[in-house]
Amino acid sequence: MRTHACNDRVAAIELASVVNDVELVQGEIFQSGVPAANLYSHPNMENACQLLFGQDFRVLETRDGWCFGQILADGYVGYIQQLDLVKFEPPTHWVTNLGSGLYKQGDLKAPLISWLPMGSMVAVDSVDIDFACLRNGLFVPRAHLSRINAYDRSFIRVAQKFIGCPYLWGGQTLLGIDCSGLVQVALHACGIQCPRDSDQQVEELGTFLSPKARPDRGYLAYWKGHIGIMLDETNLLHANAHTMNVIIEPLSEVTDRIKKANNDILIGYKDLS
């Protein structure tokens with residue numbers, strides 16, 4: 001199960017009443033030390049989602065260079081390469097820009113060491129006019145950061161920043177994002193809890209409205225295995241594998257295309273208000 005913190009050898013200690021014949025462990029909290037660490041359902045198999053820089057991962061088992069555990073933000077379970085994780089450090093800020101640079105010095109002409117996607121968590125040691133110095137000695141543009149718990153007020157505005165970004169199964173960054181990843185990243189930027197996959201989002205978010213309802217701005221429209229955000233009564237913002245990017249399309253065109261391709265119909269809407 002995607003949120004069941006257990007494999008054939010270990011299980012999270014809180015599952016003591018529901019598992020047998022495995023070692024119960026408390027686990028240890030680590031963080032992603034790379035821009036986006038891929039989380040796999042099994043080592044070297046299908047990519048399920050991503051753990052962004054500084055986001056927390058509870059490690060329950062380390063074996064053959066892989067860490068099995070659970071993303072704390074949404075409970076998703078899987079395997080991350082051990083080299084992609086670093087020790088936990090309490091963050092103070094998060095990256096609000098679509099992407100940001102990680103610099104060797106607090107100078108826009110300084111060498112770029114790496115990059116940070118929106119949603120990355122960082123620990124700031126000090127700030128000047130233009131840059132924030134992190135506790136690891138690297139620098140991030142100050143304008144790209146907000147304090148923890150200082151959220152955006154519009155998940156639609158956040159999602160629109162990704163227009164034109166490529167589609168990537170399991171992706172959650174400007175380098176690649178999928179339909180449910182777009183919804184999750186946008187809602188998390190507004191401090192709204194959101195599960196990772198489209199079926200979980202349909203199950204857990206908002207109020208159900210039938211496909212005959214008149215869609216409004218901010219509604220989630222969903223099909224079997226696909227989800228998008230209504231910008232108004234007729235236009236859908238979504239990441240999709242047909243155009244292979246994040247795009248705004250007339251809802252009628254998307255509905256007709258999915259019906260022809262998979263014989264799937266628009267199931268309904270979710271009102272998040």
Side-chain angles (χ1 to χ4, degrees), residues 31-39 47 49-57 71 73-74 80 84-86 89 91-124 127-192 194 196 229 237-240 243-248:
Q31 294 170 328
S32 172
V34 298
N38 290 328
L39 182 139
N47 179 40
C49 61
Q50 293 178 319
L51 182 75
L52 306 184
F53 186 93
Q55 291 184 345
D56 298 337
F57 187 73
I71 296 176
D74 58 21
I80 290 179
D84 288 343
L85 298 176
V86 296
E89 185 168 25
T92 61
H93 293 70
W94 67 286
V95 175
T96 57
N97 205 55
L98 191 60
S100 187
L102 196 57
Y103 292 83
K104 187 174 183 179
Q105 298 171 327
D107 185 331
L108 61 85
K109 296 181 181 179
L112 188 67
I113 302 300
S114 186
W115 70 283
L116 301 175
M118 177 189 287
S120 296
M121 302 291 180
V122 297
V124 172
V127 297
D128 59 24
I129 295 176
D130 298 316
F131 281 86
C133 177
L134 306 185
R135 290 178 190 150
N136 61 11
L138 299 178
F139 293 80
V140 178
R142 182 178 181 179
H144 293 171
L145 299 177
S146 285
R147 285 195 171 274
I148 295 296
N149 298 328
Y151 298 115
D152 200 291
R153 294 184 178 182
S154 171
F155 80 94
I156 298 175
R157 178 171 58 225
V158 175
Q160 287 177 309
K161 293 181 181 182
F162 287 87
I163 292 173
C165 292
Y167 177 87
L168 176 67
W169 179 273
Q172 291 172 254
T173 77
L174 76 166
L175 298 186
I177 195 164
D178 62 15
C179 66
S180 55
L182 180 65
V183 172
Q184 187 188 54
V185 168
L187 289 176
H188 277 182
C190 296
I192 301 171
C194 178
R196 178 57 181 85
I229 302 168
L237 171 65
H238 64 147
N240 70 95
T243 65
M244 288 301 290
N245 66 352
V246 179
I247 192 173
I248 299 171

**Q** For a quick test of your reading: what N or O donor-acceptor pairs under 3.5 Å do the side chains of residues 112-120 make, sequence neighbours left out?
**A**
| from | atom 1 | to | atom 2 | distance (Å) |
| --- | --- | --- | --- | --- |
| Ser120 | OG | Pro117 | O | 2.8 |

**Q** Can you give the donor-acceptor pairs under 3.5 Å from side chains of residues 137-146 to other protein atoms, not counting sequence neighbours?
**A**
| from | atom 1 | to | atom 2 | distance (Å) |
| --- | --- | --- | --- | --- |
| Arg142 | NH1 | Asp128 | O | 2.8 |
| His144 | ND1 | Ser100 | OG | 2.7 |

**Q** Can you measure from CG (Asn97) to NZ (Lys161) and round to the nearest 0.5 angstrom?
**A**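 Taking CG in Asn97 and NZ in Lys161, the distance rounds to 6.0 Å.
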**Q** Could you list the donor-acceptor pairs under 3.5 angstrom formed between side-chain atoms of residues 163-180 and any protein atom two or more places apart in sequence or on another chain?
**A**
| from | atom 1 | to | atom 2 | distance (Å) |
| --- | --- | --- | --- | --- |
| Trp169 | NE1 | Asn47 | O | 3.3 |
| Gln172 | OE1 | Gln50 | N | 2.9 |
| Gln172 | OE1 | Arg196 | NE | 3.3 |
| Gln172 | NE2 | Gln184 | OE1 | 2.9 |
| Thr173 | OG1 | Leu175 | N | 3.1 |
| Asp178 | OD1 | Gly181 | N | 2.7 |
| Asp178 | OD1 | Arg196 | NH1 | 3.3 |
| Asp178 | OD1 | Arg196 | NH2 | 3.1 |
| Asp178 | OD2 | Gly170 | N | 2.8 |
| Asp178 | OD2 | Arg196 | NH2 | 3.2 |
| Ser180 | OG | Arg196 | O | 3.0 |
| Ser180 | OG | Arg196 | NH1 | 2.8 |

**Q** Which residue pairs pass the salt bridge (Lys or Arg N to Asp or Glu O under 4.0 Å) test when at least one of the two sits in residues 93-102, sequence neighbours left out?
**A** none
**Q** If every non-hydrogen atom of Leu187 is compared with every non-hydrogen atom of Cys194, which pair is closest and at what distance?
**A** CD1-SG, 3.8 Å
**Q** Which value, rounded to the nearest 0.5 Å, describes the distance between Ile71 atom CD1 and Leu39 atom CG?
**A**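 Here the interatomic distance stands at 5.0 Å.
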**Q** Checking the side chain of Trp94 only, and the main-chain atoms of Ala150 only, is there a donor and an acceptor separated by less than 3.5 Å?
**A**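 Checking the backbone N and O of Ala150 against the side chain of Trp94, a donor-acceptor pair under 3.5 Å is found.
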**Q** Apply side-chain contact (heavy atoms from CB on, under 4.5 Å) to Ala186 and list each qualifying residue two or more places apart in sequence or on a separate chain.
**A** Phe155, Val158, Ala159
**Q** By salt bridge (charged side-chain N to carboxylate O under 4.0 Å, His left out), which residues pair with Arg147, not counting sequence neighbours?
**A**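 Arg147 satisfies salt bridge (charged side-chain N to carboxylate O under 4.0 Å, His left out) with no other residue.
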**Q** Shortest non-hydrogen contact from Ala132 to Val127?
**A**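 That closest heavy-atom pairing would be CB-CG1, 3.8 Å.
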**Q** Sequence neighbours left out, what passes ring pair (Phe, Tyr, Trp, His ring centres under 6.0 Å) with His238? Give chain and number order.
**A** His226
**Q** Shortest non-hydrogen contact from Asp84 to Ala37?
**A**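 Shortest heavy-atom separation between Asp84 and Ala37 comes out as CB-CB, 3.8 Å.
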**Q** Sorted by first residue and then second, give each salt bridge (Lys or Arg N to Asp or Glu O under 4.0 Å) pair with at least one member in residues 168-177; sequence neighbours left out.
**A**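 For residues 168-177: none.
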**Q** Are Gln160 and Ile229 close enough, and set up right, to give a side chain to side chain contact (heavy atoms under 4.5 Å, CB included), and what steps lead you there?
**A** CA-CA 10 Å; Gln160 287 177 309; Ile229 302 168; over 6 Å; no
**Q** Scan residues 102-111 for pairs that pass side chain to side chain donor-acceptor pair (under 3.5 Å), counting only residues two or more places apart or in two chains.
**A**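 Of all non-adjacent pairs touching residues 102-111, none passes side chain to side chain donor-acceptor pair (under 3.5 Å).
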**Q** Could you go through Arg135 and Glu89, starting from their C-alpha distance and side-chain angles, then the distance that decides it, and tell me whether this counts as side chain to side chain contact (heavy atoms under 4.5 Å, CB included)?
**A** CA-CA 9 Å; Arg135 290 178 190 150; Glu89 185 168 25; 3.0 Å; yes
**Q** Of all residues at least two apart in sequence or in a different chain, which pass the side chain to side chain donor-acceptor pair (under 3.5 Å) check with Ser154?
**A** none
**Q** Return the CG to CD1 distance between Leu85 and Ile80, rounded to the nearest 0.5 Å.
**A** 5.5 Å
**Q** Mind checking what makes salt bridge (charged side-chain N to carboxylate O under 4.0 Å, His left out) contact with Asp152, not counting sequence neighbours?
**A** Arg157
